[in-house]
Amino acid sequence: MYVRCAALAATLVLALSACTGHEDGPPSPAAADRAAAAADAAAAFVAFAQGEESQVRWAGVVRYYLHGALVAEFASSFADDPDTWDGCHLGDTTHEGRRCPVSPLTAIAGSLAPGAAPTVEDEAPITVGCSADLPEPDVDAAALAWIRPDPARRDCFSDYAVTLYFDADERVSAVDLALSGP
């Protein structure tokens, strides 16, 4: 399992470095460090979604957003419990055609298939599935990364974007799940 996570982390670092697209030369060391930290954190979050013990570095307080609206806020000690990530907006029984609760862990785990690893992007997606409306939560962040399904596995119902928000110490301070709808 460690080899698979290490390979995913290496792939994510390459993907992020390719996405930074600096026309005036290579990215600065600080930008490369942020990309590597984001790739490492994303790989740790994907491994956590696959059921591995969490190696995610959490901020003291972590917020879970669903499509830009706050669902939960909890201490970092609860963030390593997969059940903490099950949620919906108060009073909702469904979200984007799925029964509540929904979870970023479930979205990632459900998109895994042989040869189809999630990707990490360093820019916000324009759309998720067939939904163009991607509101952003009001979160102060030093850096962001988006975990998306393999491009071949994106359609109007199964696409998602899990946004990781990092504090100045490169710890995950917030997670926002955007699911495509039918």
Is V139 isolated, or which residues cluster with it under the ILVMFWY side-chain rule of less than 4.5 Å, directly or via members? Y65, L70, L144, W146, Y165
Show the atom names and distances, to 0.1 Å, of all donor-acceptor pairs under 3.5 Å that link a side chain in residues 86-97 to residues at least two apart or in another chain.
{"residue": "H89", "atom": "NE2", "partner": "L66", "partner atom": "O", "Å": "3.0"}
{"residue": "E96", "atom": "OE1", "partner": "G181", "partner atom": "N", "Å": "3.4"}

Looking only at non-hydrogen atoms, find the nearest pair between S173 and D140 and report the distance. OG-O, 4.5 Å
Which residue pairs pass the disulfide (SG to SG under 2.5 Å) test with at least one member in residues 133-169, sequence neighbours excluded? C130-C156
Using the test side-chain contact (heavy atoms from CB on, under 4.5 Å), find all partners of A79 that sit at least two apart in sequence or belong to another chain. W58, V62, F74, W85
According to the salt bridge (Lys or Arg N to Asp or Glu O under 4.0 Å) rule, which pairs have a member within residues 167-182, sequence neighbours left out? D167-R171, D169-R171
Please tell me if the side chains of V172 and F45 come closer than 4.5 Å, counting only heavy atoms from C-beta onward. no
What pairs with D33 under side-chain contact (heavy atoms from CB on, under 4.5 Å), at least two apart in sequence or on another chain? none
For the atom pair CG (D155) and OG (S180), what is the distance rounded to the nearest 0.5 Å? 6.5 Å
Tell me whether F78 shares a hydrophobic cluster with F48, the cluster being built from Ile, Leu, Val, Met, Phe, Trp, Tyr side chains joined at under 4.5 Å. yes
V56 to S54 - nearest heavy-atom pair and separation: N-OG, 3.2 Å
Just distance, no hydrogens or angles: give the donor-acceptor pairs under 3.5 Å from side chains in residues 108-116, sequence neighbours left out.
{"residue": "S111", "atom": "OG", "partner": "I108", "partner atom": "O", "Å": "2.9"}
{"residue": "S111", "atom": "OG", "partner": "Y160", "partner atom": "OH", "Å": "2.9"}

Contact list for residues 71-85, test salt bridge (Lys or Arg N to Asp or Glu O under 4.0 Å), sequence neighbours left out: R63-E73
How about CZ on F157, more than 12 heavy atoms from neighbouring residues, nucleotides or ligands closer than 6.0 Å, or not? yes
Identify the heavy atoms of Y64 and V102 that sit nearest to each other, and give their distance. OH-O, 3.0 Å
R154: which residues meet the side-chain contact (heavy atoms from CB on, under 4.5 Å) condition with it, sequence neighbours left out? T119, E121, R148, P149, P151, D159
